[in-house]
Amino acid sequence: MTLFDIIYSGNDELFARADKAIYDAIAQYGEDKAVAFPDTAYSLPCYYGVTGQKVGNLGELKAALANVKETLMGRKPRLNDVFNSGIASALCAEFLEVLKYIDGAAPYELPRYGHLSDAMIRELGVPLVTGDIPGVAAIIGTAPTAQDAVDLVKSYQAQGILVTLTGGVIDQCESLGLKTGFNIRVIPLGDEMQSVIHVVSVAVRAALIFGNITPGDLPGLEKYTMDRVFAFVNAYGPLADEVYAYGGGAIALGFPVISNEDRYRVPKSLIYQEDVSKFNATSLEARDIKLKITNIDIPVAFASAFEGEIIRRGDMQVEFDGSRVDCFELVHNKDASEVEDHKIEVIGPDIDEFEVGSKHSIGYIVEVAGKNMQADFEPVFERKFHSYLNCIEGLMHTGQRDMIRIRVSKDTFNAGFRLKHLGEVLYAKVKSEFAAVVDKCQVKVITDPEMCTKLRHELAIPMFDKRDERLTTLTDEGVDVYYSCIMCQAFSPSHVCVVTPERLGLCGAVSWLDAKATNELDPQGPCQVITKEKVIDERIGEYEDVNEAVRKFSQGALEDVSLYSIIEKPMTSCGCFECICGIEPLSNGVCIANREYAGMTPIGMTFSELASMTGGGVQTPGFMGHGKHFISSKKFMKAEGGIARIVWMPKDLKDQVAERLNESAKELYGIDNFVDMIADETVVTEDPEALLEFLTEKGHPALEMEPMM
């Protein structure tokens with residue numbers, strides 16, 4: 001049999017299974033029974049992406065299967081037919097999987113995930129854009145040995161690559177105790193081979209969320225996934241016809257398949273690699289993935305894949321906890337004569353001198369010198385420490401400044417990790433990422449409790465207070481320039497963030513000082529200076545200079561933007577936003593939902609549904625993606641009356657922004673405890689009338705303001 005025959009055979013088998021499963025479901029539930037994946041705005045994301053049609057019930061699912069057969073299941077011996085047949089196979093798998101979720105069923109139990117939510121995919125957006133996730137590996141089947149499976153996963157994990165697992169490889173990894181989970185970017189999908197559709201869904205939704213690909217534009221979808229989603233498949237043989245059918249779909253999306261089964265070969269697409277230990281190198285070469293080389297002299301792995309790792313108390317060797325004892329982290333700009341490059345000091349006891357499970361003080365000071373170094377860059381460097389230290393395998397870092405917590409796992413301690421290695425990581429990352437301004441760097445790690453207390457109170461806190469005073473004086477009116485940020489154009493080609501002192505990037509990760517530092521470090525990079533000399537409309541924050549910049553950086557896709565309005569020419573959104581804000585007409589205000597909130601809002605849409613109409617680099621009047629810290633800004637929706645318009649947000653988000661939001665409301669409107677006037681899901685979820693009743697009872701200011709629309 002030819003390869004085409006095998007793919008068509010696998011496609012026929014999948015179609016027959018899907019056809020039977022759908023008719024069985026209709027016989028049980030009826031055609032009107034609702035069907036969709038949970039926590040997504042796209043119902044069946046792959047089918048929607050390919051055809052532009054949403055499926056809402058079993059009758060529509062039956063029609064969708066008929067549509068797949070009619071439009072995609074050609075049988076001629078030509079590439080276009082075989083690729084379409086592969087796409088059809090993937091859609092049949094999606095139909096089979098969605099049936100598992102009828103009536104809100106949860107067919108997968110952790111560590112297996114099945115369907116991944118839109119919120120999870122948006123969470124991957126920034127690291128995909130920055131290259132911290134340089135690729136996506138879909139490992140399927142059963143490896144020759146369990147150790148082969150674990151070695152391959154760990155090799156990708158050490159490179160920061162997102163790994164998904166389907167089939168017997170999951171049990172193999174579990175048998176050797178490999179840690180898995182979304183937080184460490186090793187995601188078991190399911191034991192059945194059809195579960196691989198859930199990683200295909202990630203790629204399709206990346207195109208819809210970030211790329212503004214029109215649903216139903218299959219050629220556009222295939223081009224986007226080929227050019228911008230650096231995924232590939234590692235398939236352990238023997239391979240069933242079903243796997244070859246899925247492989248045809250993967251290749252159509254631009255994802256090469258590497259296998260140890262030498263049955264068929266297609267140059268650059270279906271690649272034979274007999275030695276499974278070389279799957280990694282073969283895959284990276286096939287997908288042309290360029291890795292960031294990070295050589296740091298520590299005894300454990302260092303990669304972004306470990307950023308979400310949780311160290312439980314029972315697995316902890318030692319803890320440093322700023323909520324209990326004096327701790328701090330600090331960058332200090334010094335004269336070159338005071339800094340000895342690559343000098344790392346540990347002052348006080350090391351980890352091996354502490355009792356297992358005990359809690360201690362720690363302070364670390366990164367002292368830098370450079371002719372282009374500025375004091376304003378110190379907090380920019382410090383904010384990076386959280387990411388740097390969490391990239392260490394078996395180390396967990398939370399907090400910042402003098403409220404940090406660090407846990408070191410027993411496994412990492414037993415591998416030889418000591419405090420000098422913490423210094424090595426900080427030195428290596430500061431010197432590599434900030435080479436344009438840092439000529440020399442030395443690190444002091446202090447665990448002597450008396451010295452930690454003294455330095456925290458006499459050095460660190462006074463420096464933090466001085467910076468805070470400086471930050472509070474930074475206003476949009478008080479600076480001469482703003483900055484663009486086009487980092488997300490790797491996924492969202494027409495999106496441009498305009499970053500100002502009072503409006504950070506919508507991802508929440510780029511402040512005006514961050515953008516300033518980025519521009520200084522890389523003048524040709526993603527953050528460019530935007531002058532603000534030619535005011536068009538001060539009320540909505542529109543400048544001729546800014547419009548010229550966004551036209552240039554969006555390659556003409558965007559004509560003009562305002563900085564302070566949600567209705568008039570609002571800024572575009574890429575899909576990486578932490579929050580999304582939308583008008584709720586009855587209350588004359590706006591509701592805000594954050595990515596972590598999965599429930600309904602009084603607007604009648606979930607976060608995923610709100611985001612589906614807002615992302616992709618398009619302007620959507622009445623809706624706005626933004627960072628969490630922008631909520632308390634005096635420039636938040638200034639054109640429409642500002643923060644007094646906020647009538648609803650999830651309770652967790654309210655708690656996060658309460659202190660600063662209350663301060664801004666007091667200063668702007670003389671309102672005490674404004675956050676108490678804002679409803680949340682404990683009061684109302686989707687009933688605008690109930691929201692209005694709550695706001696009326698609280699005397700919310702939005703009710704007395706001019707109509708928004």
Assess the side chains of Glu329 and His397: does a donor N or O sit below 3.5 Å from an acceptor N or O?
-> yes
Looking only at side chains, do Thr601 and Glu686 share a donor and an acceptor under 3.5 Å apart?
-> no
Nearest non-hydrogen partners of Leu692 and Ser587, listed with the distance | CD1-CA, 4.4 Å
Phe607-Tyr597 aromatic ring centre distance below 6.0 Å | no
Does anything in residues 486-513 pair up under side-chain hydrogen bond (donor to acceptor under 3.5 Å, both in side chains), and if so which pairs, sequence neighbours excluded?
-> Arg383-Ser511, Asp476-Thr500, His495-Thr572, Glu502-Lys635, Ser511-Asp514
Can Ser612 and Glu609 be counted as having a side-chain donor-acceptor contact under 3.5 angstrom?
-> no
Please determine if Lys569 and Glu559 form a salt bridge, counting it only when a charged side-chain N lies under 4.0 Å from a carboxylate O.
-> no
Aromatic ring centroids of Phe377 and Phe434 under 6.0 Å?
-> no
Ser304 and Arg185: side chain donor to acceptor below 3.5 Å | yes
Side chains of Asp560 and Val550: closer than 4.5 Å at any heavy-atom pair?
-> no
Asp118 CG to Thr40 OG1 distance, which is reported to the nearest 0.5 Å = 3.5 Å
Indicate whether any N or O donor in one side chain lies under 3.5 Å from an N or O acceptor in the other, for Glu542 and Asn547.
-> yes
Heavy-atom side-chain proximity of Leu661 to Ile678 below 4.5 angstrom = yes
From Leu504 CG over to Phe630 CZ, what is the distance, rounded to the nearest 0.5 angstrom?
-> 8.5 Å
Cationic N near anionic O, under 4.0 Å, Lys666 to Asp672 = yes
Should the pair Lys54 and Tyr48 be classed as cation-pi, given the thresholds of under 6.0 Å to the six-membered ring centre and 45° from the axis?
-> yes
Are any of the side-chain heavy atoms of Glu378 and Met463 separated by less than 4.5 Å?
-> yes
Under 3.5 Å, is there a donor-acceptor pair between the Arg205 and Ser201 side chains?
-> yes
Can you check whether Lys334 reaches Val368 side chain to side chain, under 4.5 Å on heavy atoms?
-> no
Out of curiosity, Leu703 CG to Thr696 OG1, how far, rounded to the nearest 0.5 Å?
-> 5.0 Å
How long is the gap from SG on Cys507 to CZ on Arg595, to the nearest 0.5 Å?
-> 9.0 Å
Decide whether Asn594 and Glu596 meet the rule of one side-chain donor and one side-chain acceptor closer than 3.5 Å.
-> yes
Would you call Asp652 and Lys654 a salt bridge, using N to O less than 4.0 angstrom?
-> no
Under the side-chain hydrogen bond (donor to acceptor under 3.5 Å, both in side chains) test, residues paired with Asp545 that sit two or more places apart = Thr531
Going by the side-chain hydrogen bond (donor to acceptor under 3.5 Å, both in side chains) test, which pairs reach into residues 217-226, not counting sequence neighbours?
-> Lys223-Asp227
Please determine, by modelled atom types, if Gln528 and Lys552 share a side-chain donor-acceptor pair under 3.5 angstrom.
-> no
Sidechain N-carboxylate O distance under 4.0 Å for Asp655, Lys651 = yes
